[in-house]
Structure formats: structure tokens, C-alpha cells
Engineer: 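This is the structure I want to talk about, given as C-alpha cells.
Lettering of chains follows the sequences in order, A, B, ..., and the numbering in each one begins at 1.
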Protein chains: 2
Amino acid sequence: MQESQWIREWAPLVADDKTDGGSQTLARGLRALEIVGTAESSMTVARLGEELDIHRSMAYRLVKTLELHGFIDRHASGELTLGVKLATLARSVAKTLQEAAAPELADLAARFEMTAFLATYDGDSVVTLSSSEPQNVETTVAKRPGSRHSIDRGAPGKVVRSQLDPARFPPQSFEFSQDEVIPGVASIAVPLAISGNSPAALAVIFLPQPIDREEIASALAEAAARIRRALGR
Amino acid sequence: MQESQWIREWAPLVADDKTDGGSQTLARGLRALEIVGTAESSMTVARLGEELDIHRSMAYRLVKTLELHGFIDRHASGELTLGVKLATLARSVAKTLQEAAAPELADLAARFEMTAFLATYDGDSVVTLSSSEPQNVETTVAKRPGSRHSIDRGAPGKVVRSQLDPARFPPQSFEFSQDEVIPGVASIAVPLAISGNSPAALAVIFLPQPIDREEIASALAEAAARIRRALGR
DNA sequence: GGTTGTGTCTCTATAATTGAAACAGTATTC
DNA sequence: GAATACTGTTTCAATTATAGAGACACAACC
């Protein structure tokens, strides 16, 4: 199988109206999931219809099917939320990522005596997927999986932004930040393209100390390459 | 002229063709996600077609749309895996659950000086979603979010089993276990129906001590009711 | 009361789906 | 190395499933 056979062209980050060859109904259902998941106020069938620019009856049918498969929960009040099935499915992809990244994270943590972590983005925030703290070290910086902060700050945020919008944020080989997220804490991050349209970053976080940024950055890049290889990309 | 009426004999799909009123195409796409997520060996477009009992061309179109929206990743080798988008969406539902359960968990932990936690199931294991440890107590039992063990052991496992298979495991008002998961550790659990088809359990875990099981169980049940109310069910 | 807004169902034209066939590569044979 | 047997991919026509409109019941709100 040849990679060039598969033409990948995702210029837009969101709003994929062009249903070239794919299924339109499926696309609408998936967009419904995204809308329900990222809704700030309470989402309902009627509002979903407006959001998707389709009839209420159509939105109703989509929700019906999504609920039947456990992807959406409908509360007694009529409010829509994402179903627990999504959490179950996500456990699968999270496990795959973690298994591929775990040895590299542990290696980085032990080698530089820093906390290493893998992060992706969701909406406009950076989310930590998994992390590894160094052993036998007096003080470390904890980076809990699931924790998130604005995409505007920190080295991982810069990396993610450069993947999302290369024009405005030219990609660098690595990014460095200090005192941007937490005062007195610095981090170095490199890009990790684990998926075509889901940017991610591999990074270390540490208390300020004399370090060789290039050395750490190249180690991160090598680890990122190994992770990507372990994932079969 | 050739009579090319392609005979549509809907094969005896076990129980998956319950598309009453909903969208059939969407249902197929969602089933594709489940199949890819729970595939033991490597999944491919052709195999997905066989699994869904549809033509390769149709499976290809489904995958195309699913990939365009980030729900599926296609590796260079042609292997299909769930996309990172699912992980980010799942974070939303997890956050909702945690926000609703956090105050109740903290209250239970403080009141009984035990670690309280919320668990659901995935496959055949019990997964801890969130937990709260008591403050100002010398020794507690830690229950990390994300940790899992077999559904066959422990009070939360019993509760989940009774929700999954009420015939074989008659539901009780509460369940108790000791030395089943970790020697010297006991737990009490009650059911928490947060979603129609996703059972969950609210529980406390503690070191053996003289306690009033019924008192704890009723407190758990009341907390579960409040959580369910907070979720709008 | 009336009004506005839900969610839900039935109906029908039409648009989108879908199966087949064909093409193009690749892996796996002989 | 040619031939075979797989993939993934695209095109096309037949027709099926879809999607919009409308109507209904029920709440909430003024």
C-alpha cells in the first residue's frame, strides 16, 4: 500500500462542508456530536437543528439514532449531553496512545529528571493525555492527565498553535516557555503528529535550572519519532 | 436488457437493525466506530465492510467521512484506529460527571473518613472515574482515576454486574466486599444510573473497622440520588 | 384565554445513498 | 518475472432512504 494513494487535504480546521464522496448523513451526525460536546449552554433538539441548519424533525432523527447507540444522553429536561459510550470508546484510543508513549515518557523523565508528558488540544485549550514523573528526585512538577490550560500559553500551546495555523505561527523545531502557565515553571515541547488533524505535543516541564535546550529538544524529537513509529504512522 | 435488480435480502442481522425512525446511515457509521474500537486484530476497510455486511465501496465512504471528522485515523499501512477526536470529546462527558459528583464525593469522604469514588465499566473491567480522599486522616486507601480491575471482584463490580445482567445477578440496595480486590481492604457500593445503557457505581473504600453498613449504604444512596438530580435525570 | 415553544409522527418528492463494475496499485503466489 | 489475488478508489445508474413540510399533543410563559 502506498501512502501517496491517499490524498490528504484538510485545509480548514473546522466546518467541513464539502462531503466529497463521503456520507452526508453521517457527517451531520458527527457534527452533531461535536456541537453537543462543545456546547457552552444547554443543548436541545431544536437548538441543534438551528446549529446544523436543518429541520427540527431531522435533528430529532439524528439524536434518536445517536441516543440509541449510546453516543448521546437525553435528560428528562430535554437537555442533550454526550453519552458515556464515548468515554468507553475513548478509553481504547487513550490506551493505545499511552502504551506507545509510556516507555518514551519514562525514559525522558529518568534521563533529564523532569516530568515528561504528552498533550493534545481540545477547543482552545491544551489537554494533558499522559505523563511520567522522575523517580528518586526531591522535587518535581506534577502534570496530571486531564489537566488543561489555555492554548495561548506554554510551550506545548505554542507547538499546537503552530500545527493548527502554520501561517500565523511558523513551526519551530522546538518551543520553550517559562512563567507562562505557572510562575517559576518552564517547559520545552516538540510537535508530535499522531494524527492528521489532531495536533499533539511531547514535552518536559521543570523548575528553572541550567540546562541545554537543544540537547533536550533533540531528545524529545527522537522520542516523538519513536512514538510515531510505534503507532504505525 | 439485463434485469439487474440487485436483490436486497436483509440478512438475519442479529439485533442491530433496530433503526426505527432513525437514520440508517448514521447507525452504520456509529457501528463502524464501535467495531474499530473493539477490534482485537488490525482493522481495515475491507474487513470493516465484511463486519458491517456492506460493500467495500460503502465501507470506504463511511471511513472517509469518519476520518474527515477526526473520529478515525488511517495509518500508512491501511490500518484503522479510533481518532484522537474521540478522546477530546470524551473529556467533555468525563468533566460533566466529575463536576456533578465532586461535592458529593468530598462530602462522603469527610463524613465517613473514607475514600469515596465513582466507577463505571469498560469491557469486563471496572474503571474509576473520579475519587475523593478524606483530609486530616492518618491512613487512607488511594483510588486513582483511571485505575481498573476485573468486574468479577469488589463491591462496585457486583453493582455493575447486577445492572448489566439483572437476571443472573439480582440487584441489591447495596453491595459489600472485603479482601476481594486488595487484601485487607473493604468497600461498599450502590448503583448510580447516570445513563440508560451505561451502568455506574458510587462507593467508598476503607480499611476494616467497626462500621454500620446500612448507615453508609443509605448515605451513598442519597448521594447517588443527588448526583443523578444534578445531572438532570 | 392566547401564544410560543417544544418534541414527535406521518407523508411524499426528491435527493442522496448504494451496489456493481471497473481501474489502479500492491502483495503474493507460481 | 508474469500471473494471480488481494487491496483501495472512483464512476454510474437505480432506487432507496432521506429530509422537509406540515400537523399534532403537550408545556411553559405572558
Engineer: Does dC24(D) have OP1 or OP2 sitting under 4.0 Å from an N or O in the side chain of Arg56(A)?
Structural biologist: no

Engineer: Measure CD1/Ile54(A) against P/dA15(C) and give the value in whole Å, please.
Structural biologist: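 One finds 17 Å between P of dA15(C) and CD1 of Ile54(A), rounded.
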
Engineer: Out of dT17(C), dT6(C), dT8(C), which has the shortest distance to the side chain of Thr25(B)?
Structural biologist: dT17(C)

Engineer: In whole angstroms, how far is the C1' atom of dA19(D) from the CG atom of Leu52(A)?
Structural biologist: 13 Å

Engineer: Look at His55(A) and dA19(D) and indicate whether a side-chain polar atom (N or O) is within less than 4.0 Å of OP1 or OP2.
Structural biologist: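 Answer is no, no contact under 4.0 Å.
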
Engineer: NA contact type, Arg28(A), heavy-atom cut-off 4.0 Å: base, sugar-phosphate, or nothing?
Structural biologist: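 Sugar-phosphate: the residue Arg28(A), judged by heavy atoms under 4.0 Å, touches backbone atoms but no base.
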
Engineer: In whole angstroms, how far is the C1' atom of dG20(D) from the CG atom of Asp53(A)?
Structural biologist: 12 Å

Engineer: So, is Lys64(B) near the phosphate of dT10(D), with a side-chain N or O under 4.0 Å from OP1 or OP2?
Structural biologist: yes

Engineer: List the steps and the verdict of side chain to side chain contact (heavy atoms under 4.5 Å, CB included) for Gln98(A) and Leu129(A).
Structural biologist: CA-CA 8 Å; Gln98(A) 281 179 337; Leu129(A) 286 180; over 6 Å; no

Engineer: Which value, rounded to the nearest 0.5 Å, describes the distance between Ser187(A) atom OG and Lys158(A) atom NZ?
Structural biologist: 8.5 Å

Engineer: Can you tell me how far the CZ atom of Arg74(A) sits from the CE atom of Met43(A), to the nearest 0.5 Å?
Structural biologist: 14.0 Å

Engineer: Measure from CZ on Arg47(A) to P on dT4(C) and round the result to the nearest Å.
Structural biologist: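 It works out to 21 Å between those atoms.
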
Engineer: Rounded to the nearest 0.5 Å, what's the gap from OG1 on Thr25(A) to CD1 on Ile54(A)? Could you check?
Structural biologist: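 Those atoms lie 9.5 Å apart.
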
Engineer: Output the single nucleotide from dG19(C), dT7(D), dT8(C) whose closest atom is nearest the side chain of Met58(B).
Structural biologist: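 Nearest to the side chain of Met58(B) among the choices is dG19(C).
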
Engineer: Does the side chain of Ser57(A) get closer than 4.0 angstrom to OP1 or OP2 of dA23(D) through an N or O atom?
Structural biologist: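 So the side chain of Ser57(A) is outside the cut-off, no N or O lying under 4.0 Å from OP1 or OP2 of dA23(D).
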
Engineer: Would you tell me whether Ser23(A) and Arg28(B) have side-chain atoms, one donor and one acceptor, within less than 3.5 Å of each other?
Structural biologist: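 Their side chains do not contain a donor-acceptor pair, so the 3.5 Å distance test is not met.
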
Engineer: When you measure from the side-chain N and O atoms of Gln24(B) to the phosphate of dT16(D), is any distance below 4.0 Å, counting only OP1 and OP2?
Structural biologist: no

Engineer: Rounded to the nearest Å, what distance is computed from the CG atom of residue Leu48(B) to the P atom of nucleotide dT9(D)?
Structural biologist: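 In whole Å, dT9(D) P and Leu48(B) CG are 13 Å from each other.
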
Engineer: Taking atom C1' of dT18(C) as reference, at what distance in whole Å does atom CG of Leu62(B) sit?
Structural biologist: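 Going from CG in Leu62(B) over to C1' in dT18(C) covers 11 Å.
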
Engineer: Measure from CZ on Arg61(B) to P on dT11(D) and round the result to the nearest Å.
Structural biologist: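 Going from Arg61(B) (CZ) to dT11(D) (P), I get 11 Å.
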
Engineer: Taking for each residue the nucleotide of DNA chain C bearing the nearest heavy atom, is the 5' side occupied by Glu50(A) or by Leu26(A)?
Structural biologist: Glu50(A)

